[in-house]
Amino acid sequence: MAAWLDIIREGEDWTVVDTDRLGELVKGMPFPERQYPDLIYFAGHKSRIRALRSFLPQNNVTRKGANGLIRLHIDHKAINTDTPLMIAESSLCLQHNTGDTKWLRHATTKHRKYALSKAGGLSFAESIQEETKRQLVLPWTRVLCLFVESESDLKATQSLLQQPHRQLQVGSQVIRTSPEVIIIFNKNIHGPAIASPRYEKLRQIVEGGRITFLDLSSRSSLSDTIAFEPLWALISEKLQSVHAEDEIVCGRFSAFHLSALWNASVPVNGQLWKASPLDLLAQARIGFPQTEKKDEFLHEFLQSAMSSIKNSTVSEVLVEVVASAFLMNAYPPGMHGFPPSVVFTVLYEAHCKGISNCYPSGRLTERIRSRFVERFAELSVNRTSSSIRKDALGQFHRQGGNLYSTTTCFVCLFRPPEHMLPCTHALCDTCVAIFGKFEPSRAYQVEIVQCPICERKCKMTIRQLPPTKRPIILSLDGGGVRGLIQLGLLCALEKRIGLPIALLPDLCAGTSVGKYNPGALSEIDIFINGTSTTNCFLKFPSLARKIFRRDCRNPILRYTHWLASAFNLTTHGLYDSRKLSKTLQEAINPARRIFDVPTVNPSGCRVAVVASRTSDGKACAMANYRGVGRNAAPAAYDFVAPNDNQEELHLLEAVLPGLGPFQDGGVRANNPLSIALRESSVVWPAAERHDLLLSVGTGWSSVIHESSSAWRSRIREGALPRLLRALMFSPSMDGKQSYFEALNYLPRLSKPDIFRLDHEIHGPIPELDDINSLEKILKMNFAVSDSLVRAVLATAMFFFELDENPVRSHDSFQCRGSILCARPGAFSILQRVLVEFPAARFQTSHGCDLGNVSALNCCTHCGYFRKPVAFPVASLGERVSIEIISGSHCDRIGGFPTSIQKLLDSQQAFAPFGRADHLVLEWPRHRQCSCHNGKRRQVQFSDRTSLSKKRRL
């Protein structure tokens with residue numbers, strides 16, 4: 001079916017329908033990434049059909065059926081050439097047979113509809129047809145052929161040409177003006193047509209005089225093939241002229257790029273009559289993450305780098321470093337070759353001018369522009385922008401350039417760093433993907449073998465969040481000696497899931513140590529030091545006894561102790577700060593900084609420590625990451641990010657108040673749940689929400705304190721005791737109360753994904769420094785609920801990715817993909833799953849059986865797990881889930897519920913302008929089992945996505 005665009009009326013509203021005919025033709029081309037099609041538009045009546053039959057003898061252009069407003073054909077004789085020919089065709093005047101609802105009804109999931117706003121002037125039906133041709137088709141048309149056979153055709157031609165069509169621009173530079181117009185006559189309307197003054201008026205209407213009149217009236221008696229030979233020769237001549245102009249302004253697009261830009265060209269909100277110029281560069285940049293701090297990053301880089309410049313040679317290398325960074329950001333593999341000078345002007349010129357006054361190095365902006373254009377000319381399949389960037393960084397470092405920073409990723413200059421290498425150079429997640437090597441046997445484990453800046457050898461593995469999965473968040477309450485309860489609960493959970501707790505979360509937030517609240521000490525020991533949960537549990541009592549040894553034991557000072565516990569009013573509190581500092585230094589190396597290479601460990605977990613500011617008590621988060629999505633939006637807490645390397649906090653400063661401008665985080669956020677949720681949205685803005693959030697408490701008690709005597713009751717009900725109780729049991733100090741308060745502000749759909757792990761204490765709850773309660777806590781039997789264990793094993797451990805584009809089959813789409821394991825040690829994880837889910841099976845939320853949960857899908861040598869599955873969905877926008885079921889138990893895997901379209905977007909299945917991380921072969925992803933000895937082993941599954949398969953973006 002050749003129908004491309006149509007107009008339908010639904011009640012009082014009019015709608016443009018795009019049948020995706022252009023996309024179908026592009027997919028049918030053998031090499032759409034390297035073919036540059038030309039679009040010719042034929043408009044007329046009988047002469048148009050005759051011309052089409054002569055040009056496209058293999059196309060049945062006159063067959064009966066749904067026509068729509070505009071049809072689109074392809075010349076099958078030239079489909080294998082570099083310049084295939086596509087011909088759009090329609091009537092020239094008003095059509096009355098548009099909106100064939102019969103063929104629209106059977107393919108609603110395939111078509112895109114755009115509601116239109118009404119406009120005055122001509123009758124709306126005629127106006128909307130004309131504007132659809134003018135605004136949606138003419139901007140992409142290279143040659144416009146108008147077949148004039150009557151006075152009405154002449155009026156329609158004049159009406160179509162006298163109003164401007166939408167302009168295509170790169171930035172502010174127009175790359176396509178009016179198409180070449182050919183007006184064809186097959187019969188004289190009023191004497192010599194071409195000499196008529198009315199046609200001279202048409203010459204003035206068409207911009208630049210790009211109009212040619214072709215009189216074929218004397219050839220009307222010939223066969224169609226012979227009669228239209230002059231027209232075909234003229235079209236070929238016009239196309240050669242157009243190609244020459246396109247080469248100058250970089251206005252030619254591959255079939256992939258043409259299809260993508262066409263989809264973006266349909267005006268939103270139905271503004272067909274007021275369509276603004278289409279900025280092709282802006283459309284191609286959609287999906288490339290940017291930061292509001294680009295000027296700050298560039299300024300910091302130049303400030304750091306120029307301090308090491310000793311001669312003019314290094315200054316030239318500095319220009320090379322900046323230009324190559326811009327090139328890597330502007331032209332990833334697969335990007336259209338927009339004019340490099342224009343790209344620089346649009347994306348980078350303002351930033352260079354903003355910092356050029358601070359660095360008088362002689363026309364800095366123009367020098368960077370010139371180098372940017374030079375390096376663009378070198379781009380090829382073997383000479384990529386990332387290889388040019390790596391060479392520039394290495395050259396600069398070898399000549400003494402200093403590129404150390406913890407606030408800017410100096411590899412790209414566009415994002416904050418997230419990981420530090422042993423050489424103290426920091427990388428963002430995007431640069432990790434560009435310069436790292438993905439381990440095929442582990443899902444989204446990236447190995448860094450060499451620093452891209454100094455070329456120093458290293459071996460570090462970084463765990464990244466899969467794009468189709470959402471983060472797992474762990475929130476740890478503070479609670480003094482009751483932190484032992486928290487460790488006991490984590491030990492119980494670790495035993496049930498068969499996986500170290502350090503490997504479970506993607507983000508962990510805990511409250512700072514303080515003088516009364518060693519909650520974050522467990523977090524640091526487990527996630528930064530790499531200590532096992534069991535060892536932390538066993539050594540905690542000894543550490544607590546050292547920390548909570550009071551200087552004064554007088555019971556009269558009990559309320560004073562509460563007050564000091566909350567506000568740290570005295571210099572040393574009730575404890576010897578020197579002994580406290582010495583005790584913590586035994587657990588934490590005082591030389592370590594929070595954003596330092598020792599914080600990068602195999603667990604790959606991001607860690608945030610919550611403290612509070614001594615000046616105003618505001619909560620502050622200090623972390624071993626920076627967060628790509630962080631902006632200037634106000635928050636209820638501050639994220640402490642140093643302005644330079646000297647301000648970078650030591651780890652001991654983050655967890656021990658008194659060494660810096662911070663105090664115990666428990667006085668402001670004893671349960672950092674809300675902070676953890678916001679930080680998750682900052683680190684993974686595309687995830688939108690979490691997969692699972694686990695809040696771990698430090699014990700609770702239902703016992704209500706009662707006074708046995710009147711005088712004690714009066715003291716207890718005094719103003720100061722009531723104030724202190726209100727403080728101690730407020731959401732700021734009471735972790736359980738804070739948890740319930742946070743639930744009030746979460747969407748209803750998010751609540752099933754949140755669990756509270758806590759333990760009831762029989763009798764009064766121990767005070768924060770009650771070291772006598774440690775023995776009692778050690779004897780407690782800690783347990784976790786079965787529902788939590790099943791949720792962790794399903795949601796945290798498994799996720800799904802598509803292996804190919806969904807295939808349309810009758811009234812549904814067939815989806816093929818793989819269920820993968822998100823954590824190492826898949827074989828042991830599967831064993832625990834089968835314990836908690838006897839006879840477990842995968843199935844969709846619609847009841848489609850996907851097979852057993854079986855170790856047969858796991859390689860016993862390297863632990864790589866992959867289960868290929870297939871299931872149908874009614875539409876790409878339909879929400880679906882994949883679940884693990886066992887009897888009456890049912891838990892979804894990570895990333896669900898979601899739609900197939902969302903999965904395609906997350907995997908960047910359609911990225912015709914390249915990916916920000918330069919991973920050109922990510923779709924379809926090649927999956928394989930590769931064991932530690934480098935040999936590929938034959939396991940029980942096969943790979944449907946072989947490299948020989950044609951890649952479609």
Side-chain angles (χ1 to χ4, degrees), residues 474-493 501 508-526 533 536-537 539-548 561-562 564-568 573-575 580 584 609-612 619 655-657 663-676 694-703 724-725 727-742 756-778 780 782:
L474 180 63
S475 173
L476 302 178
D477 291 8
V481 297
R482 300 197 306 271
L484 186 59
I485 297 176
Q486 189 176 82
L487 287 172
L489 292 170
L490 293 176
C491 288
L493 177 61
I501 289 297
C508 179
T511 304
S512 66
V513 173
K515 297 180 181 178
Y516 307 94
N517 190 8
L521 192 58
S522 302
E523 176 189 26
I524 293 167
D525 218 14
I526 295 172
T533 309
C536 286
F537 180 78
K539 70 179 184 181
F540 185 90
S542 175
L543 183 65
R545 290 186 178 97
K546 294 180 181 179
I547 293 176
F548 296 114
H561 159 60
W562 285 3
S565 175
F567 297 103
N568 287 336
L574 300 180
Y575 311 103
L580 172 62
L584 292 179
V609 178
V610 178
S612 62
V655 299
L656 178 60
Q663 62 185 354
D664 188 350
V667 303
R668 191 66 174 87
N670 202 45
N671 182 343
L673 173 62
S674 58
I675 294 178
L694 176 58
S695 175
V696 186
T698 57
W700 63 279
S701 175
S702 58
V703 174
L724 292 176
R725 286 198 303 272
L727 174 66
M728 298 301 290
F729 294 100
S730 70
S732 296
M733 295 290 290
D734 190 326
K736 184 179 179 181
Q737 183 69 21
S738 177
Y739 169 76
F740 287 119
E741 184 174 90
R756 176 68 174 176
L757 183 58
D758 211 343
H759 186 84
E760 183 178 3
I761 300 173
H762 300 288
I765 191 168
E767 296 178 5
L768 298 177
D769 61 346
D770 185 5
I771 57 177
N772 296 324
S773 64
L774 291 173
E775 294 298 328
K776 178 181 177 181
I777 295 176
L778 286 171
M780 290 180 178
F782 299 102

Less than 4.5 Å apart, side chain to side chain, heavy atoms only: is that true for [X] and [Y]?
{"X": "L489", "Y": "I485", "result": "yes"}
{"X": "M780", "Y": "L484", "result": "no"}
{"X": "L476", "Y": "L474", "result": "yes"}
{"X": "H762", "Y": "S701", "result": "no"}

Restricting to non-hydrogen atoms, name the atom on [X] and the atom on [Y] that form the minimum distance, rounded to 0.1 Å.
{"X": "C491", "Y": "T533", "result": "SG-CG2, 3.3 Å"}
{"X": "A544", "Y": "I771", "result": "O-CG2, 3.9 Å"}
{"X": "I761", "Y": "G699", "result": "CD1-CA, 4.0 Å"}
{"X": "N671", "Y": "S695", "result": "ND2-OG, 3.4 Å"}
{"X": "V610", "Y": "P672", "result": "CG2-CB, 3.7 Å"}

Could you state the interatomic distance from CH2 (W700) to CZ (R482), rounded to the nearest 0.5 Å? 13.0 Å

Apply side chain to side chain contact (heavy atoms under 4.5 Å, CB included) to L490 and F537, showing your working. CA-CA 9 Å; L490 293 176; F537 180 78; over 6 Å; no

Restricting to salt bridge (charged side-chain N to carboxylate O under 4.0 Å, His left out), what partner residues turn up for E760, sequence neighbours left out? none

Can you sort out the partners of F782 under ring pair (Phe, Tyr, Trp, His ring centres under 6.0 Å), two or more places apart, ordered by chain and number? H759

Sorted by chain and number, sequence neighbours left out, side-chain contact (heavy atoms from CB on, under 4.5 Å) with S674 holds for none

Can you spot which of V696, D477, L694 makes a side-chain contact (heavy atoms from CB on, under 4.5 Å) with R756? D477

Determine, for K776 against D770, whether the closest basic-nitrogen to carboxylate-oxygen distance falls under 4.0 angstrom. no

Residue set satisfying side chain to side chain donor-acceptor pair (under 3.5 Å) with T698, at least two apart, ordered chain then number -> none

Any side-chain to backbone donor/acceptor pair from T511 onto N670? Under 3.5 Å, distance only. yes

